[in-house]
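Right, one structure below, let's go through it.
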2 protein chains.
Amino acid sequence: MANKKRATLKDIANVLNISPAAVSKAMHDDSRISDKTKKAVKRVAKELDYQPNHLASALRNGKSNLVGVIVPRTNSNFFSSVLENMEAVLNKASYNIIITQSNESFEKECKNIDTLLFTQVDGIIASMANETVDLSHYEKVKSNGIPLILFDRGENDLNVDYVGINDYDSSHVIVEHLVEKGCKRIAHIGGYRRTRIFNNRIKGYVDALKKNELPIDDSLIVESALTLEDGRLEMENLLRLEHRPDAVYVASDYAALGALQVLNEQDIKVPDDIRLVGFGNEPFTSLVTPSITSIEQHSKEIGRLAAETFLKHIAQPELKQTLNKIILDAELIIRDSSR
Amino acid sequence: MANKKRATLKDIANVLNISPAAVSKAMHDDSRISDKTKKAVKRVAKELDYQPNHLASALRNGKSNLVGVIVPRTNSNFFSSVLENMEAVLNKASYNIIITQSNESFEKECKNIDTLLFTQVDGIIASMANETVDLSHYEKVKSNGIPLILFDRGENDLNVDYVGINDYDSSHVIVEHLVEKGCKRIAHIGGYRRTRIFNNRIKGYVDALKKNELPIDDSLIVESALTLEDGRLEMENLLRLEHRPDAVYVASDYAALGALQVLNEQDIKVPDDIRLVGFGNEPFTSLVTPSITSIEQHSKEIGRLAAETFLKHIAQPELKQTLNKIILDAELIIRDSSR
DNA sequence: TATATTTGCTTAATCGATTAAGCAAATATA
DNA sequence: TATATTTGCTTAATCGATTAAGCAAATATA
C-alpha cells in the first residue's frame, strides 16, 4: 500500500508560493483574498486531491461536527428508522453521526458515553438501556457542557430535552379499544417500571381500567424485559391463571409476537378467545397470522425532532438544558389480532 | 450550562509545577519519570477529571483509533449481530467504531465513505449497498492507504480482504435438500446478479440443478432487490405461471417472508404444495407459521473475523492489500416450510 | 577521586488548520 | 499632491498532546 501522504494546506501553499494562511482563507472564500488567488488555490487543491484534516480543524475550532447517538439496539425497525431520519437532518446541517449500541446493558452504555466524549462529539442523542437506573454517566455529559437529548427512553430527573410519544395516553387508547370490543379482563405484559416509558404505560393502563370501571387485578400485570422470549413466558403464565384474561396488551411488539406464538401453539383463537395488542408497529406485526394491532410511534418524527433539538442548542448555546419534553400523539393501528 | 473547560495536560502541569511534557510521560508510565511524579500526576488528573483530548493526540499520532463501518441497513439481525461482535473485538484492541448506514443507496454509500475519511478513521469495514456497481469510492479508500475490509457483500475487483460465507455452496446445499424431498421444479427468487453474492447464489443454484439433472427454466429464475414486497410480487408472478414450481428458494429471509404471506393468503399448503427456503436465518424465520427453512450465515464469526483482519493490517502495515477471502461454510437450518 | 552512566526532568518542535494582528502596495479621497 | 482607506497578503500564535534532543543532578563504576 503506497501510503500516499495526504496533501495539506502547506503543500498547496508551496506550489503557489504563498502562505498556508492565505490558502486557508482562500478555501473559505475570505473577502480579503483576491479572486485570482482563490481560483489558483482551488485548482491546486483539486490537483493534489486535498482533503482537509478534520482532526486539525476540529482541534483548532473546538468542535468536531460529530453527534454521538446511543441506542439500545439497532436491529429494531423503530431505532433504525429514527436513526435514518435523524441522520438526514443532521447531515444537512453538516453534522455527521456516530452510532453506538448499548445492547440494553448499563455497563456498555457507560462505555459508549466515554467513547463519544473521547471522540469529542458536539452533542449526544440517546435512548436509554433497559438496565439503566443510575444516571451519573449522563450527568457527566451534561457537566461536559455539550447538549444531551433523550428520545423514547428518557428520564425526567436528568432535566434535559426529551422527544417521545405519549405513553400514558397510548395505554388509554389501547384499553378503550379493547373495552369497546367487549373485553373485561385485560392483562398487561409491561416493561420494568424503573424505565419511565414503561411506568407510564402501566399507569395509563391502570387509570384507563379505573375510568372504565374495570377491577384492577395484580395477577394480570407483569413486568419483564419485553424480549420475544419474555413474551412467551409471561403469556404461558397468564394462561395458567385460574381466571384467564380475555385480552392482552403487550408493551412491545417483540414480546407480543412471543405471546402470539404461544396462543397459536395452544390453539387459542386470536382475537375470538383472547385479543392481543402490541406496541411499536414493527413491520412484522402486519406479517404474522393474525396480524397484530399495535401503536405507531412516529419514529421518523422522533428522529427529526431529536436532531432539530440538538441543532437548536448549537444555534443558541446560551439556552439552558432543562426538562423540555416534545410529546407526540401515538396512533393505534388496528389489525386482526383485536378486530 | 456552565461550559466548564475540560482540564488539559497543561492544567495538571501547572498544579504540580512541572512541564506538560512530564505530565504526558507520567500518564503513559514512561520509565524516565519517577514513581513519585507519576502518582502525583495521576492524583491531580483524577481531581481535575482530566480526559485526554482525542483530537489532539490523534492529530499528533496520525491515527484516530476509530474504525468506520458501512452497512446497508442496521435493522436486520444479521448486520446488527455482525456489528456487535465486530465491536467487541475492536474495543478490546482499544479501537472504537463508527457505524454508518447506506440504506442500500450508492449515493449514500459514497457520502458515508467521505464522512469516514473526513473523520480520519484508521480503516473501513464495509458491506456494499445493493445499488453499488461503480467502485471508485472504494478505490479512494484504498489509495488513502488505510485498510479496507469487505464482508458479506464484496467484490473481487477491489482486491481487498473479504469475509463471507460460501454462497455458491449454500445454493447447492439448498437444492440438494429440496431434491431429496422430491422437488422437481425449483424456482429461485434471487438478488441482482451485479452483486457478487447474489450472482454466486444464482450460479450455485443453476449448477446444482444441472448436477441433479433437472432442467433449467428461465421463467423460474427472477432477480429483485429482495425486500419483503419484492418477495410478495415475485411469488405472485410465479403462481401465475402455467406450470407452477413445487419449491421456491428465496435469496433473503425478508423476501421469503413475503412469499410465504402470499402462499398463506392463497391457501397454498407449505410445504405440501410448495416447499420454501429462505436465506439468512433471521429470528423471525422460526416464528412465522410455518417456520421457514433458512441458511445460517454465522454473523458472529463474520464480525469477529472482519475485525481481526483489520487488526492484522494495523499490526503489519507492510501487508499489501490483496484479494484475501475468508469463506465460512454456511449451515442449512431445516424448518417446517420444507420438511 | 575522576569519569561514565542513569535518572528525571525541561525545552522546543511537531501534527494541520485557523485567525488576530500587522504590513506594504494599491487605490480612493480631500 | 498629501493623506486615508482598502486590498491582499504574511507573520506568529494557537488548539492539546507528544516526542526527540538535551541538560543538570544523582548515582555507579573504575
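The sequence lines fix the lettering, A, B, ..., with proteins before strands; numbering per chain opens at 1.
Between the side chain of B/T8 and the backbone N or O of B/K10 there is at least one donor-acceptor pair closer than 3.5 Å. Under a 3.5 Å cut-off, the side chain of A/S24 and the backbone N or O of A/P20 do not form any donor-acceptor pair. Judged by distance alone, the side chain of B/E104 and the main-chain N or O of B/N130 form a donor-acceptor pair under 3.5 Å. With hydrogens and angles disregarded, no donor-acceptor distance shorter than 3.5 Å links the side chain of B/N75 to the backbone of A/S81. Side-chain N or O atoms of B/Q120 include none that pairs as donor or acceptor with a backbone N or O of A/L55 at under 3.5 Å. Side chain of A/N324 to main chain of A/D161: no donor-acceptor pair is present (N/O by atom type, distance under 3.5 Å, no hydrogens or angles).
The NZ-C1' distance, from A/K10 to D/dA12, rounds to 14 Å in whole Å. The NZ-P distance, from B/K36 to D/dA26, rounds to 12 Å in whole Å. Rounding to whole angstrom units, CG of residue A/L9 and P of C/dG16 are separated by 10 Å. When rounded to the nearest whole Å, the span between NE2 of A/H28 and P of C/dT19 equals 7 Å. Rounded to an integer number of Å, the gap from B/N14 CG to D/dG16 P is 13 Å. For the pair A/M27 CE and C/dA17 P, the computed distance is 9 Å after rounding to whole Å. The distance between atom CG of A/L16 and atom P of D/dC9, rounded to the nearest whole Å, is 10 Å.
How far CG of A/L135 is from CG of A/L158: 4.5 Å, rounded to the nearest 0.5 Å.
Looking at which nucleotide of DNA chain C each of B/N17 and A/A7 is closest to, the 5′-most match is held by B/N17.
Residues of residues 50-63 of chain B having a heavy atom closer than 4.0 Å to DNA chain D, listed by number: B/Y50, B/P52, B/N53, B/A56, B/S57, B/R60, B/N61. Of all the residues in residues 18-25 of chain A, A/I18, A/S19, A/A21, A/A22, A/K25 reach under 4.0 Å from DNA chain D with at least one non-hydrogen atom.
Between B/F151 and B/F78, the ring planes lie tilted relative to each other; the angle falls in the 30° to 60° range.
More than 12 non-hydrogen atoms from other residues, nucleotides or ligands lie less than 6.0 angstrom from NZ of B/K325.
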_side-chain contact (heavy atoms from CB on, under 4.5 Å) between B/L117 and A/R6, worked out_ = CA-CA 11 Å; B/L117 292 179; A/R6 279 154 152 259; 4.2 Å; yes
*With side-chain contact (heavy atoms from CB on, under 4.5 Å) as the test, would you mind laying out the steps for B/H137 and B/F106 before giving the verdict?*
CA-CA 10 Å; B/H137 52 316; B/F106 169 70; 3.5 Å; yes
_Full working for salt bridge (Lys or Arg N to Asp or Glu O under 4.0 Å) between A/D114 and A/K140_ = CA-CA 9 Å; A/D114 283 342; A/K140 197 155 83 184; 2.8 Å; yes
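Between A/L305 and A/E308, the closest side-chain pair of non-hydrogen atoms falls below 4.5 Å.
Consecutive Watson-Crick or G-U pairing (both distances under 3.5 Å) extending over three or more pairs maps onto DNA chain C as C:1-30 with D:1-30.
A/N91 meets the side-chain contact (heavy atoms from CB on, under 4.5 Å) test with A/E87, A/N96, B/K108; sequence neighbours excluded.
In this structure, a donor-acceptor pair under 3.5 Å is absent between the side chains of B/S105 and B/N103.
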Pull out every protein N or O sitting under 3.5 Å from an N or O of nucleotides 5-8 of chain C, one pair per line with the distance.
residue	atom	partner	partner atom	Å
C/dG8	N7	B/R32	NE	3.0
C/dG8	N7	B/R32	NH2	3.3
C/dG8	O6	B/R32	NH2	2.6

Any N/O pairs under 3.5 Å between the protein and nucleotides 27-29 of chain D? List them or say none.
none

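In terms of heavy atoms, A/P147 sits closest to A/D122 at CD-O, 3.2 Å.
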